[in-house]
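Working notes for the structure below.
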Amino acid sequence: MLGHFTHHKTGKILPTIFCLMTLQSTRQFNEIELNRIAKLQRFLERGEEPYPTRAERTHTISQARAGFDSLSRQEGFDPGNSGLTATLCGRLRSKRAMGKLHFSHIEDGSGQIQLMLYGNDLGSDFLKLFEKDYDLGDFVQASGMLIISKTGEFSLRVHSLRLLAKGISPLPAAKEVEENGEKKVYSAFANREARFRERYADLAVNPNVRQIFRTRSKIVNAIRSFLDSQDFLEVETPILQPLYGGAAARPFVTHHNQLHQDLYLRISFELYLKRLLVGNLERVYEIGRDFRNEGVSWKHNPEFTQLEFYWAYADYLQVMALTEQMIAHVAMQVHGSTKVAYQGQEIDFAPPWRRWNLRDAVLEESGIDIDQHETAESLAAAMHAKGLHTEAGAARGKLIDRLLSDFVEPKLIQPTFLYNYPRDLSPLAKALPGHPNTTERFEGYVAGMELCNAFTELNDPLDQEQRFLELAEMYGKDDEEKHPLDEDYLKAMSYGMPPNGGFGMGIDRLVMLMTDQSTIREVLLFPHLRQNE
RNA sequence: GGCUCAUUAGCUCAAUCGGUAGAGCAGUUGACUCUUAAUCAAUUGGUUGUAGGUUCGAGUCCUACAUGGGUCACCA
């Protein structure tokens, strides 16, 4: 039967005869790929299945190594003839043909091992076949005896080997060579765009990338176990919401066909989790995805992973203490230390973190005392006197936020809690007793980056309604930032909500800090990218 | 969204003043029984992101677009 494959540049059709099946593809292949398809065809012609359904494996590579190590402590052990056999599976990462002896490395999820293939063991025909028809990137299954080579490397002396899966496309191959004592990388898969678009290849080729995501999993597990040990209940709340809220962000809109109803992808969990406090669940948390229809940057992705927890009968100072304990616990679980290297700086998460009153911070860094400026006009004038230009008609909260991000945030390298935020920046936070324009709110900053946000939650339904209405007035002019009034949330609060402290943290940013990554995309397996072509 | 830099072989990168597009790795062919992603010999591979323009001649200059990086804006 005739199959055909098209060359991507020349359009030349490669005719091939297939004995067992018809292969056909509308995809365009380059020369290397066509070459490998021809090899695949040779497997079929020999009656070998290039994609067998099942693999057999007796050990992972690290298990084989451990078994060998423990046996090697026995008396009379011959490392060149251990008698210990294993069947290992993995991906071919290197091949070195030495005539009648071939060396190769395979890699599985646990590590790498050298394969030694002797013509004497396998037959010179098979060795030739291994050289011709097996490529870097193919998955194989190899059986043999575990030994130490003459040069001292742990190896598998192979007595049989078969293909588990043929790779058609070459993996982006990196090559490091020592030249004059210097390590020279000839080819590393380093192009960020290509790496993110083909994350599978990135992961296959760059072990340090795999490590980031192992660490990420550890971090999330550490958070879960910490909160669970504090009697928090993990819950799940709707991602598709008829109304969105709990943060200032534009939502993604979607539509339910059967119900003829527009729905929003959540921008936060806050309003649903606090409904649970009304329902007498005292300590709840959720780890999940939020979606914000906003700009993309080194610290923003349209969807990101958020942790929020709500804690009845606690206030923001207790939340602050729990936060620093939790993050220190995560650092210990991940690094065995509270000290973490981040972008050339050492960050120490050990409690207590620095606590800095927001007014003091702004005063010290910008010279402006926000308490001396009760109105937006007055504050704007003070900022103009310092040579800062402000947007006409900006609210007082926006101006303070501006001072914060320009003067204070870049200075907050070691973990710091800024606390006591102005009321008009914090519509869901409770006012500080005796200070109606200040709320019991803090944000945690590390390496100049906002990591978390928490407050003593507002639980007065009448005050809450007032805040919503103020907000609607403040942002009502701008359609895109308009916030809907969540009447059901007010109804829930009307049944009585215990006083409580709430907390939110971007998990991706924490992972950045813990894995020394400078962009959020590096810690997302599949970061958002524009469509190509 | 603004500004700015980038896009060349499968991967990583060169290409002087606008004058024949190159290298390493991988690939292909051959040699080699302890190599370290070996070594030796030979060799293939390109519509230089896309579409226009200027020019005798464009990877190089101009315009637009696409994608990415950096940065600013936005993000209570």
Side-chain angles (χ1 to χ4, degrees), chain A residues 7-10 29-36 38-39 80 92-105 107 112 114-121 124 127 131-132 135-137 147-153 155 157 169-179 184-198 201 205 246-250 267 292-300 391 394-402 404-405 421-429 439 441 450 453 467 470-471 474-475 478 480-481 483 518-519 521 529-533:
Chain A
H7 191 278
H8 69 130
K9 290 281 165 57
T10 61
F29 296 101
N30 66 35
E31 196 175 335
I32 293 175
E33 290 165 333
L34 288 176
N35 220 314
R36 290 196 176 194
K39 295 179 184 187
L92 282 175
R93 294 308 309 271
S94 71
K95 282 174 78 188
R96 295 178 296 281
M98 308 279 305
K100 296 290 186 302
L101 169 61
H102 288 206
F103 294 94
S104 177
H105 276 94
E107 179 176 45
Q112 291 202 6
Q114 177 169 268
L115 303 184
M116 294 173 70
L117 298 95
Y118 283 90
N120 291 350
D121 295 343
S124 57
L127 213 56
E131 187 177 358
K132 296 271 179 232
D135 292 298
L136 300 186
I147 59 163
I148 299 286
S149 73
K150 282 181 194 165
T151 50
E153 180 165 353
S155 308
R157 179 167 177 166
S169 302
L171 281 171
K175 182 152 189 171
E176 255 178 39
V177 170
E178 290 230 0
E179 271 182 19
K184 204 170 165 186
V185 178
Y186 277 112
S187 185
F189 191 42
N191 181 296
R192 267 206 173 141
E193 181 182 357
R195 284 179 46 229
F196 294 153
R197 285 196 192 281
E198 300 191 14
V205 153
R250 286 188 242 164
I267 58 172
R292 297 189 181 174
N293 205 338
E294 286 167 354
V296 176
S297 79
W298 63 275
K299 53 180 176 180
H300 295 91
E391 213 176 303
R396 181 169 176 270
K398 282 238 178 191
L399 295 173
I400 293 173
D401 197 42
R402 182 69 195 282
L404 265 185
S405 47
Y421 276 64
R423 171 189 157 108
D424 57 357
L425 279 174
S426 319
L428 298 159
T439 56
R441 173 182 177 190
E450 181 193 334
N453 178 22
R467 303 280 193 99
E470 280 171 25
L471 208 66
M474 205 182 321
Y475 295 99
D478 183 355
E480 296 199 312
E481 278 195 58
H483 269 240
S518 62
T519 76
R521 291 180 155 198
L529 295 169
R530 276 180 218 237
Q531 261 183 335
N532 219 346
E533 291 161 310

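These numbers come from a predicted model, not from an experiment. The sequence lines fix the lettering, A, B, ..., with proteins before strands; numbering per chain opens at 1.
The C1' atoms of B:G27 and B:C11 are separated by 12 Å, rounded to the nearest whole Å. Comparing B:G18 with B:A37, their P atoms sit 43 Å apart, to the nearest whole Å. Nucleotides B:G45 and B:A21 have their C1' atoms positioned 13 Å apart, rounded to a whole Å. Rounded to a whole angstrom, the distance from the P atom of B:A26 to that of B:U20 is 30 Å. Spacing between B:C61 and B:U28 at atom P, rounded to whole Å, works out to 38 Å. With P as the reference atom, B:U60 and B:A9 are 15 Å apart, rounded to whole Å. Going from the C1' atom of B:A23 to that of B:U44 covers 15 Å, rounded to whole Å. Across B:U67 and B:G19, the matching C1' atoms stand 31 Å from one another, rounded to whole Å.
If A:Ile148 and A:Ser405 are placed on RNA chain B by their nearest nucleotide, the residue sitting closer to the 5' end is A:Ile148. Where A:Ala194 and A:Arg402 each meet RNA chain B at their nearest nucleotide, the meeting point lying more 5' is that of A:Ala194.
Among B:U35, B:A37, B:C74, the nucleotide with an atom closest to any side-chain atom of A:Lys398 is B:C74. Comparing B:C75, B:G45, B:C32 by their nearest atom to the side chain of A:Glu294 picks out B:C75. In the set B:G10, B:U28, B:G45, B:G10 carries the atom at the smallest distance from any side-chain atom of A:Pro170. For A:Leu101, whose side chain is taken as the heavy atoms from C-beta onward, the closest listed nucleotide among B:U12, B:C34, B:G69 is B:C34. The side chain of A:Asn30 lies closest to B:G10 when the candidates are B:U36, B:G10, B:G45. Listed candidates were B:U35, B:C34, B:C32. Nearest to the side chain of A:Lys150 is B:C34. Candidate nucleotides B:G68, B:C34, B:U12 were compared by shortest atom distance to the side chain of A:Arg530, and B:G68 ranks first. Listed candidates were B:U36, B:U29, B:G68. Nearest to the side chain of A:Lys132 is B:U29. Across B:G68, B:A38, B:G27, the shortest atom-to-atom separation from the side chain of A:Asn35 is found for B:G27. Nearest to the side-chain atoms of A:Glu153 among the listed nucleotides B:U35, B:C32, B:C11 stands B:U35.
Not a single donor-acceptor contact under 3.5 angstrom links the side-chain atoms of A:Glu193 to the base of B:U7. With hydrogens and angles left out, the side chain of A:Asn120 and the base of B:U33 share a donor-acceptor pair within 3.5 Å. At a cut-off of 3.5 angstrom, counting only N and O atoms as typed in the model, there is a donor on one side and an acceptor on the other between the side-chain of A:Ser149 and the base of B:U35.
Base pairing of B:G49 is made with B:C65, judged by Watson-Crick or G-U wobble geometry with both donor-acceptor distances under 3.5 Å. Look at B:G70: its Watson-Crick or wobble partner, with both distances under 3.5 angstrom, is B:C3. The pairing partner recorded for B:A41 is B:U29, the criterion being a Watson-Crick or G-U wobble arrangement whose two distances lie under 3.5 angstrom. Nucleotide B:A23 has B:U12 as its partner under the Watson-Crick or G-U criteria, with both atom distances under 3.5 Å.
Dashed line: the shortest gap from a side-chain N or O of A:Lys95 to OP1 or OP2 of B:G27 is not under 4.0 Å. Within the structure, a side-chain polar atom (N or O) of A:Arg96 is placed less than 4.0 Å from OP1 or OP2 of B:A38. Contact annotation: A:Arg157 side-chain N/O to B:C34 OP1/OP2 distance is not under 4.0 Å.
Atom CG in A:Leu34 sits roughly 13 Å away from atom P in B:U28 (whole-Å rounding). Between A:Lys39 atom NZ and B:A26 atom C1' there is a gap of 11 Å when expressed in whole angstrom units. If you take CG of A:Asn453 and P of B:C75, they are 15 Å apart, rounded to a whole angstrom. Protein atom NZ of A:Lys100 is 18 Å distant from nucleotide atom P of B:U35, rounded to whole Å. Rounding to whole angstrom units, NE2 of residue A:His102 and P of B:C32 are separated by 10 Å. Note: CD (A:Gln112) to P (B:U36) measures 16 Å, nearest angstrom. Taking atom CZ on A:Arg195 and atom C1' on B:G10, their separation rounds to 18 Å, with Å as the unit. Look at CD on A:Glu33: it is 18 Å from P on B:A26, rounded to the nearest Å.
As judged by a 4.0 angstrom heavy-atom cut-off over every strand, A:His300 is placed among the base-contacting residues. Note on A:Arg521: only backbone sugar-phosphate atoms sit closer than 4.0 angstrom, heavy atoms only; bases stay farther off. Using a 4.0 Å heavy-atom cutoff across all strands shown, A:Thr519 reaches sugar-phosphate atoms only and no base atom. Residue contacts for A:Arg192: at a heavy-atom cut-off of 4.0 Å it reaches the sugar-phosphate backbone alone, with no base atom in range. Across all strands, A:Lys299 comes closer than 4.0 Å to no nucleic acid atom at all (heavy-atom distances). Residue A:Ala97 is in base contact, counting any heavy-atom pair closer than 4.0 Å across all strands shown.
For A:Arg157 and A:Tyr118, the positive end sits near the middle of the six-membered ring, less than 6.0 Å away and at most 45° from its axis.
Remark: side-chain polar atoms of A:Glu294 are paired, donor with acceptor, to backbone N or O of A:Arg250 under 3.5 angstrom. Put simply, the side chain of A:Thr439 never gets that close to the backbone of A:Arg423: no donor and acceptor are under 3.5 Å apart. Counting only distance, with no hydrogens or angles, the side chain of A:Lys39 and the backbone of A:Lys132 share a donor-acceptor pair below 3.5 Å.
Atom CZ of A:Arg192 is separated from atom CG of A:Leu529 by 12.0 Å, given to the nearest 0.5 angstrom. The CG atom of A:Leu404 lies 11.5 Å from the CG atom of A:Leu399; values are rounded to the nearest 0.5 Å.
Between A:Glu107 and A:Arg93, at least one side-chain nitrogen of the basic residue sits less than 4.0 Å from a carboxylate oxygen of the acidic one, meeting the salt-bridge criterion.
B:C61 has its base anti relative to the sugar, with a glycosidic angle deviating from 0 by more than 90°.
The shortest distance between side-chain heavy atoms of A:Gln114 and A:Ser104 does not fall below 4.5 Å.
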* I would like to know whether A:Ser426 and A:Arg441 meet side-chain hydrogen bond (donor to acceptor under 3.5 Å, both in side chains); could you show each step before the answer? => CA-CA 8 Å; A:Ser426 319; A:Arg441 173 182 177 190; 2.8 Å; yes

